[in-house]
There are 2 protein chains.
Amino acid sequence: MTVLPFSPPVSDDALEDAPLRSVSTAVAVLDCFASEAELGATKVAARLGIAKSTACRMLAALAAGGLLEKAGSGRYRLGLRLFEYGQLAVDRLLLREVAMPILGELRETVRETVQLGVAVGTDVLYLERLETAGAGLRFRTDYHRNPAHSSSIGRVLAASDPSLTMAILERGLERRTPFTVVDPRRWRQTLVQTREQGYATCRDEYDQGWSSIAAPILTGASGRRRAVAAVSVVGSTSRVLGPRKPALVQGVRRAAERITVALERAGS
Amino acid sequence: MTVLPFSPPVSDDALEDAPLRSVSTAVAVLDCFASEAELGATKVAARLGIAKSTACRMLAALAAGGLLEKAGSGRYRLGLRLFEYGQLAVDRLLLREVAMPILGELRETVRETVQLGVAVGTDVLYLERLETAGAGLRFRTDYHRNPAHSSSIGRVLAASDPSLTMAILERGLERRTPFTVVDPRRWRQTLVQTREQGYATCRDEYDQGWSSIAAPILTGASGRRRAVAAVSVVGSTSRVLGPRKPALVQGVRRAAERITVALERAGS
DNA sequence: CGGGGTCGTTCCGGCTTCCGGAACGCGGGC
DNA sequence: GCCCGCGTTCCGGAAGCCGGAACGACCCCG
């Protein structure tokens with residue numbers, strides 16, 4: 001079991017010039033369902049620029065394998081088998097395994113939603129999210145991926161990874177709320193601050209009213225340490241960045257440090 | 001958004017005579033990683049009876065699409081993209097959406113691990129599992145699929161679905177502990193009892209020391225109601241089937257009923 | 001330190017199997 | 001009831017895939 005897979009391979013939408021053309025096409029078909037819950041053959045064909053008959057066969061083949069499931073009237077959606085595979089993939093990460101109990105304790109301590117995230121491309125992918133039952137307003141739970149620039153976890157990860165920083169800047173800092181930091185200079189400044197203080201914050205930048213605090217999980221030999229992942233606490237801005245902020249910062253940092261040493265101890 | 005996909009298609013390991021041979025093969029390659037965390041080309045080729053070169057290309061193509069990731073030294077593992085797809089698949093289930101808050105409340109009430117499961121093939125697939133932080137011994141969290149015959153959720157589902165009952169019996173009642181019900185007659189009797197009392201129990205049958213109580217989530221017009229899913233509470237046998245049993249049974253049944261009506265209200 | 005075994009990857013020719021266009025059947029809507 | 005749009009099926013041509021063998025790297029062991 002490894003800490004994290006080597007390279008989260010950036011998704012070239014390489015439908016072109018790959019070996020196993022039909023397999024690449026099949027993957028592209030799957031990708032269509034990332035942005036749409038249900039699709040039929042015609043729409044898939046149009047989106048990928050392939051023949052309708054090809055799309056139909058692809059859909060049928062993927063459905064035969066359980067990766068898609070057939071809804072009524074010839075439409076398809078993502079299949080539950082993908083859920084199984086996905087659970088397996090993440091269950092086998094050493095990172096998640098050692099982080100889980102510590103995340104649980106953090107949640108008990110801070111009584112807010114806590115998250116564990118890694119970078120994939122220029123996004124943050126949340127491997128785990130533990131919600132607190134009685135934490136006032138319910139946090140939206142229907143996303144598992146955010147643009148890294150408007151996330152405290154993304155900021156922590158970018159702060160220790162120049163190439164991620166570059167990738168994020170190249171993609172552009174999309175505005176999501178009036179508070180999103182979209183000026184590249186100011187955004188780089190937040191990274192400097194993150195490095196100095198050892199944690200990052202994100203105030204109202206992704207969803208107005210919601211803020212978060214994140215701290216890095218480090219790996220690698222001392223002197224060449226890099227953040228592979230990060231822990232964060234997220235909640236309404238007043239709860240997270242108000243009077244409790246120092247306590248939350250300390251809790252998040254302590255949790256991240258504990259995960260870091262647990263990884264070293266357990267890891268290869 | 002639908003309650004649940006139509007037919008959890010039984011996995012014919014149909015590598016044979018399907019259209020899109022290479023896609024079917026690719027899916028079969030993915031399946032290899034269900035039982036093994038890391039595999040190389042040689043082992044995949046041997047397991048599927050294909051040429052080593054073919055396996056190598058398949059692995060490379062799947063890795064290019066992010067469904068697999070390359071570990072060091074030419075071995076592969078399931079990719080995080082599968083986790084994303086899997087989360088999407090389950091996020092789009094109406095069942096899970098309406099069940100989540102009710103499951104959360106149930107967990108608060110009973111202070112034990114609660115689960116939401118559906119049948120896929122002759123197994124129970126757990127769509128959700130909420131653990132309680134302070135619930136004594138930690139429950140194993142590293143499985144997402146169990147044989148239905150030795151699970152309270154499976155018993156509830158089989159009790160309302162004759163074809164599932166048949167499928168389970170055909171597959172055979174595998175013994176997992178000394179307490180597993182492996183005699184078909186006795187097992188059918190547990191289904192009768194389940195139907196009579198409206199809930200099912202499972203005492204030490206899957207993991208010795210652990211037991212569970214489950215109640216059905218129903219769907220369909222009255223008179224033709226069937227269980228699409230089930231809620232369960234699981235914990236150490238003494239805690240779950242001891243003095244608290246009546247309270248837990250009531251809690252589980254009430255939660256399942258609430259989910260049932262919430263589904264009717266929200267569903268099509 | 002070097003050799004043999006194993007494994008992942010690449011190359012290439014023959015041919016399997018896939019692609020695209022057109023036709024079919026169906027369902028829903030103006 | 002007609003038409004439009006959709007999912008599916010059929011077919012020929014040829015594109016891309018499969019398998020065997022060769023290559024190079026790595027590791028284990030002597």
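A note on names: the letters A, B, ... follow the listed sequences, proteins ahead of strands, and every chain is numbered from 1.
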Under 6.0 Å from the six-membered ring centre of A:Phe33 and within 45° of its axis: does the NZ or CZ of B:Arg92 meet both? no

Taking OP1 and OP2 of D:dT9, is either one under 4.0 Å from a side-chain nitrogen or oxygen of A:Ser53? no

Over how many whole Å does the gap from A:Leu48 atom CG to C:dC19 atom C1' extend? 14 Å

Say whether, by atom type as modelled, one donor and one acceptor occur between the side chain of A:Arg81 and the main chain of A:Leu67 under 3.5 angstrom. no

Comparing nearest nucleotides in DNA chain D, the 5'-proximal residue of the pair A:Cys56, A:Val23 is A:Cys56

Which one, C:dC19, D:dC18, D:dT8, comes nearest to the side chain of A:Lys70? D:dT8

Please state whether the phosphate of C:dC18, meaning OP1 or OP2, lies under 4.0 angstrom from any side-chain nitrogen or oxygen of A:Ser22. no

Respond yes when some side-chain nitrogen or oxygen of B:Tyr76 is under 4.0 Å from OP1 or OP2 of C:dT9, and no when none is. yes

If we ignore hydrogens and angles and just use 3.5 Å, is the side chain of B:Thr165 paired with the main-chain N or O of B:Ala158 as donor and acceptor? yes

Need one value for B:Leu20: base, sugar-phosphate or nothing, where a base atom within 4.0 Å counts as base even if backbone is also close, heavy atoms only. sugar-phosphate

Can you tell me if the side-chain N/O atoms of B:Lys52 get under 4.0 Å from OP1 or OP2 in D:dA22? no

Rounded to the nearest Å, what distance is computed from the CG atom of residue A:Leu59 to the P atom of nucleotide D:dT8? 8 Å

Can the ring centroids of A:Phe83 and B:Tyr85 be said to lie less than 6.0 angstrom from one another? no

How about B:Arg171 and B:Pro147: do any of their side-chain heavy atoms sit closer than 4.5 Å? yes

Figure out the CZ/P separation between A:Arg75 and D:dC6, and round it to whole Å. 10 Å

Here the distance between atom P of D:dG7 and atom CZ of A:Arg77, to the nearest Å, is 14 Å

Distance, rounded to the nearest Å, where A:Ile50 contributes CD1 and D:dA15 contributes P: 18 Å

Taking any heavy-atom pair under 4.0 Å as a contact, classify A:Arg57: base, sugar-phosphate, or nothing. base

Which is more 5' along DNA chain D, the nucleotide nearest A:Leu39 or the one nearest B:Ala51? Just name the residue. A:Leu39

Tell me the interatomic distance from A:Arg21, atom CZ, to D:dC18, atom P, rounded to whole angstroms. 14 Å

